[in-house]
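Structure, as structure tokens:
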2 protein chains.
Amino acid sequence: MARAGLTTERLVRAGAELADEIGFEQTTPAELARRFGVKTASLYSHLKNAHDLKTKIALLALEELADQVSAAVAGRAGKDALTAFANVYRDYALKHPGRFAAAKFRLDPETAAASAGVRHAQMTRAILRGYDLAEPHQTHAVRLLGSVFSGYVGLETAGGFSHSAPDAQESWTEILNALDTLLRNWPTTS
Amino acid sequence: MARAGLTTERLVRAGAELADEIGFEQTTPAELARRFGVKTASLYSHLKNAHDLKTKIALLALEELADQVSAAVAGRAGKDALTAFANVYRDYALKHPGRFAAAKFRLDPETAAASAGVRHAQMTRAILRGYDLAEPHQTHAVRLLGSVFSGYVGLETAGGFSHSAPDAQESWTEILNALDTLLRNWPTTS
DNA sequence: GCTGCTTGCCTAAGCATCGTAGGCAAATGC
DNA sequence: GCATTTGCCTACGATGCTTAGGCAAGCAGC
């Protein structure tokens, strides 16, 4: 019988595509094996188990997203950097919903520490270099930005803003504008 | 053999507790049956299937959360209402992580339309009555608030802010303060 | 082109879950 | 006490995850 040419790499890449098509939750060894026209058991020389597959897709997604954000933010500052970061993040999520869901997959601590997740945190903080925010306000602002981005895109991909005016793009633009204003006038006393 | 006294109501309530203990994803008919000391098949006269169980837990969580938020917001306005809403929301999520995850469960459109989810939207909008925001800015602000709340709490429950200073409570307080400032000075031109 | 080794995908099997169908016994009404 | 209803059961089929071991495809050397 002809061999399918399975490798961990190919399986993970195909798994990411599968996630975008049918959802991250539904991306399982059985489904992946069907896609390659092989038996499920054949995957287990390349993947430890179902959890390992999901973890590797999550790491791929984090990496891709960090690369794209990094490229978009390079050479920009202030509001320019803010919107570049935000738009790349959102576009990635809308274009790759399965990978985006994968990026939220709960990794165990040491895997997370070695993942591209840390680059996301660094880049978020880098954006704030264009604004005049001292610690601890800077950390609070980093957390706000992370919350807005992941929250907005999470709600949008979950269908939260469909079937209601104004459309999601318009809100997104205005929210970024509002965040820029807020960062330039961050209240340091309550 | 003595009967266990299963009802849909009891199963869903137990399912919600189970979700808080072991996670929403792990809350399945098999696990629930074990908890009641009955066979899995016995659940199927009270629940259509596994998806039905999850849907009903999600509806319960949305209802509980809407009730608590509603009680907290009543009689308050402006920043007072904002922080009351936000704190109840966050406290619920931290106290009931499984239910909170359930509240994010993707419902089919007509179920969602009949759920307490619409009360959440109404209450978020009610908060903005204390701020002077005309449409379409009001809708954009509603979406921002929803994004921040769900985003922040989502990241926090996922462990995003643990093991790093300052602690999550401090950021939360400052972020609510910043949001209040932003809502009082919402930029209406870019 | 043959021989033998490596490696990749296979079959077989165990175990768990979801969900359906039909049976028996406990609760309820008279 | 008897009949009916109802609730939980056993039995089963389908599907998925995962391990163990087998066989043949592909490559190395001659």
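Only a predicted model underlies this, so the values are computations on that prediction, with no experimental measurement involved.
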Which nucleotide wins on minimum distance to the side chain of [X], given the candidates [options]?
X	options	result
L6(B)	dC17(D), dG16(D), dC8(D)	dC8(D)
Y44(B)	dC18(C), dG16(D), dT18(D)	dC18(C)
T40(A)	dG16(D), dT18(D), dT17(C)	dT18(D)
A30(A)	dC18(C), dT10(D), dC17(D)	dC17(D)
A41(B)	dG19(C), dT11(C), dT10(D)	dT10(D)
P29(A)	dC18(C), dC8(D), dC17(D)	dC17(D)
S45(B)	dC17(D), dC9(C), dC8(D)	dC8(D)
S42(A)	dC18(C), dC8(D), dC10(C)	dC10(C)

Legend entry - cation_pi(R143(A), F161(B)) dist<6.0 Å, angle<=45: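 Yes, cation above the ring, under 6.0 Å and within 45°.
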Inset, instruction - May I ask you to establish whether R99(B) and F24(B) are in a cation-pi arrangement, using a distance under 6.0 Å from NZ or CZ to the six-membered ring centre and at most 45° from the ring axis? - result: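 No cation-pi geometry.
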Without decimals, in angstroms, what is the distance between [X] [atom1] and [N] [atom2]?
X	N	atom1	atom2	result
E25(B)	dT17(C)	CD	P	16 Å
R10(B)	dC8(D)	CZ	P	9 Å
L43(B)	dT17(C)	CG	C1'	12 Å
N49(A)	dA20(D)	CG	C1'	17 Å
E31(A)	dG16(D)	CD	P	8 Å
K39(B)	dG22(C)	NZ	C1'	17 Å
L53(B)	dT17(C)	CG	C1'	14 Å
H46(A)	dC17(D)	NE2	P	17 Å

Inset, instruction - Look at atom CG of N49(B) and say whether more than 12 heavy atoms of other residues, nucleotides or ligands are closer to it than 6.0 Å. - result: yes
Legend entry - Enclosure of D80(A) CG (heavy-atom neighbours >12, cutoff 6.0 Å):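 Check passes, neighbour count above 12.
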Legend entry - Contact under 4.0 Å: R34(B) side-chain N or O vs dT17(C) OP1/OP2: yes
Inset, instruction - For H51(A), report the nucleic acid contact type (base, sugar-phosphate, nothing); a contact means any heavy atom under 4.0 Å. - result: nothing
Inset, instruction - Classify the nucleic acid contact of T28(B) as base, sugar-phosphate or nothing, counting any heavy atom under 4.0 Å across all strands shown. - result: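 If one applies the 4.0 Å heavy-atom cut-off, T28(B) turns out to touch the sugar-phosphate alone, with no base involved.
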Inset, instruction - For the residue pair W186(A) and E174(B), confirm or rule out a side-chain donor-acceptor distance under 3.5 Å. - result: yes
